[in-house]
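Everything on this sheet refers to the single structure shown next.
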Amino acid sequence: MFEALSDRLSGALEKLTGKGALTEADISTALREVRVALLEADVSLPVARGFIKRVEEAAQGRHVVKSVTPGQQVVKIVHDELVKVLAGEDEEPGRLRIDNPPATIMMVGLQGSGKTTTTAKLAKRLKEREGKRVLMASLDTRRPAAMEQLAVLGTQIGVDTLPIQPGQTAVQIAKRAKTQANLGGYDVVMLDTAGRLSIDDELMAEVEAVRDETRPRETLLVVDGLTGQDAVSTAENFDGRIGITGCVLTRMDGDGRGGAALSMRAVTGKPIKFVGLGEKMDALEEFHPERVAGRILG
Ligand code: GDP
């Protein structure tokens, strides 16, 4: 994960670390290279610009030019700022607000983003690591195959799914899931909402209705981490209309562009809670800003 960003950034910063005293011109040249590295890693332009500005301001504030080890100082500032942007404020990675059972987690996102897989991965994690009793329900009334897929995954990981009743609307299924959760003593209800190939009004209206009915504690947007800039606009759209509490970036086992993570965080201000690292049910990790920033800098 993030190798592409990492290689380019360390290349850009290597030139600085070897040098003694630096001029301001040295620093701005290096930061230009950092900017190129960010853009090549698919960080959006405004985010890259904003990030460089933060680093510049931090560098001025810390009198980098006058210091004895200016190269290392810039590297440290770039690292610190990366962590700050990626981490946001006072959030624990992978932490979900799911006390007061039954707590609803609503999973949203476009079709193919990995939403159903992530729903099951997260259910397994909550069951195994936190001892939660989880009930999953698919609200994808237009795609019976998606409902079946969740049921199959549920059996595989030993997590209950709400029995499928054809003919119900998404809101009716969500209501039934909550009733079932209350009656059955479940801690968490996970709602796998329907996805579409693109964002449309009908999809958003349906998700809004489910949200209003179930008042979820967490609304997690699942986005394909390989879609770069598109991931960012998807996040903006869902957050604007539904209001998300966090994101899960999938396919981070893929070609390793870390730019989406940085952009999503900067643009939506919402935390990246988890990353998907493969198709297997265990391939879900909490998002570690420190670790990621460390990798970015190599
Ligand atoms: P949905 O339409 O959003 O519900 O997407 P699915 O959950 O059906 O996932 C679509 C495909 O992506 C499936 O083949 C999944 O196994 C795969 N997938 C999901 N998450 C990941 C991930 O983190 N890494 C990789 N490599 N594949 C994933």
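Heads up: numbering here begins at 1 and tracks the sequence.
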- Task: Apply side chain to side chain donor-acceptor pair (under 3.5 Å) to Thr104 and list each qualifying residue two or more places apart in sequence or on a separate chain.
- Result: Lys178
- Task: Return the set of residues passing side chain to side chain donor-acceptor pair (under 3.5 Å) with Lys121 (not counting sequence neighbours), or none when no residue passes.
- Result: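 Checked Lys121 against side chain to side chain donor-acceptor pair (under 3.5 Å); zero matches.
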Find the distance between [atom1] ([X]) and [atom2] ([Y]) and round it off to the nearest 0.5 Å.
{"X": "Arg95", "Y": "Arg97", "atom1": "CZ", "atom2": "CZ", "value": "11.0 Å"}
{"X": "Leu139", "Y": "Gln168", "atom1": "CG", "atom2": "CD", "value": "10.5 Å"}
{"X": "Thr155", "Y": "Asp160", "atom1": "OG1", "atom2": "CG", "value": "9.0 Å"}
{"X": "Thr118", "Y": "Asp192", "atom1": "OG1", "atom2": "CG", "value": "9.0 Å"}
{"X": "Glu285", "Y": "Arg125", "atom1": "CD", "atom2": "CZ", "value": "8.5 Å"}
{"X": "Asp201", "Y": "Glu208", "atom1": "CG", "atom2": "CD", "value": "8.5 Å"}

- Item | Lys127 bridged to Asp187 by N-O distance under 4.0 Å |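 Not counted as a salt bridge, because no side-chain N and carboxylate O are separated by less than 4.0 Å.
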- What pairs with Arg143 under side-chain contact (heavy atoms from CB on, under 4.5 Å), at least two apart in sequence or on another chain?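 Per chain and number, Arg143 pairs via side-chain contact (heavy atoms from CB on, under 4.5 Å) with Gln111, Asp140, Ala146.
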Does the side chain of [X] reach to within under 4.5 Å of the side chain of [Y], using non-hydrogen atoms?
{"X": "Thr169", "Y": "Thr141", "result": "no"}
{"X": "Arg211", "Y": "Arg241", "result": "no"}
{"X": "Leu221", "Y": "Asp239", "result": "no"}
{"X": "Val210", "Y": "Leu191", "result": "yes"}
{"X": "Ser263", "Y": "Val43", "result": "yes"}
{"X": "Lys273", "Y": "Glu218", "result": "yes"}
{"X": "Val47", "Y": "Arg265", "result": "no"}
{"X": "Lys124", "Y": "Asp282", "result": "yes"}

- Query: Taking only residues two or more places apart in sequence, or in another chain, which ones meet Arg142 in a salt bridge (Lys or Arg N to Asp or Glu O under 4.0 Å)?
  - Reply: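 Testing Arg142 for salt bridge (Lys or Arg N to Asp or Glu O under 4.0 Å), a comparison that skips the adjacent residues, returns Glu202, Glu206.
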- Query: Can you name the residues that form a salt bridge (Lys or Arg N to Asp or Glu O under 4.0 Å) with Lys53, not counting sequence neighbours?
  - Reply: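 Salt bridge (Lys or Arg N to Asp or Glu O under 4.0 Å) list for Lys53, sorted by chain: Glu57.
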So which heavy atom on [X] is nearest to which on [Y], and how close?
{"X": "Phe51", "Y": "Leu38", "result": "CD2-CD1, 3.6 Å"}
{"X": "Thr268", "Y": "Ala235", "result": "CG2-CB, 3.6 Å"}
{"X": "Gly185", "Y": "Arg133", "result": "O-NH1, 3.4 Å"}
{"X": "Val275", "Y": "Phe287", "result": "CG1-CD1, 3.7 Å"}
{"X": "Gly154", "Y": "Thr161", "result": "CA-CG2, 4.4 Å"}
{"X": "Ala137", "Y": "Ile173", "result": "CB-CG2, 4.5 Å"}

- Tell me who clusters with Ile157, hydrophobic residues only, linked when side chains sit under 4.5 Å apart either directly or through other members.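 Hydrophobic cluster check, Ile157: joined to Leu96, Ile98, Ile105, Met107, Leu122, Leu126, Val134, Met136, Leu150, Leu153, Val159, Val188, Met190, Leu220, Val222, Val248, Phe274, Met281, Leu284.
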- Message: Go through it in stages, so that I can follow the logic: the residues are Arg217 and Thr245, the test is side chain to side chain contact (heavy atoms under 4.5 Å, CB included), and I'd like the CA-CA distance, side-chain angles, deciding distance and then a yes or no.
- Response: CA-CA 8 Å; Arg217 299 299 313 279; Thr245 56; over 6 Å; no
- Task: Could you walk me through whether Tyr186 and Lys132 pass the side chain to side chain contact (heavy atoms under 4.5 Å, CB included) test, one step at a time?
- Result: CA-CA 8 Å; Tyr186 289 91; Lys132 301 283 187 197; over 6 Å; no
- Donor-acceptor contact below 3.5 Å, side chain Thr250 vs main chain Gly276: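 A pair under 3.5 Å: no.
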- Item | Residue pair Lys84, Arg54: steps toward the side chain to side chain contact (heavy atoms under 4.5 Å, CB included) verdict | CA-CA 10 Å; Lys84 271 194 216 160; Arg54 286 177 70 123; 3.6 Å; yes
- Would Ile199 and Met204 count as a side chain to side chain contact (heavy atoms under 4.5 Å, CB included) if you check the C-alpha gap in whole Å, the side-chain angles of each, and the deciding distance to 0.1 Å? CA-CA 7 Å; Ile199 293 168; Met204 286 300 186; 3.5 Å; yes
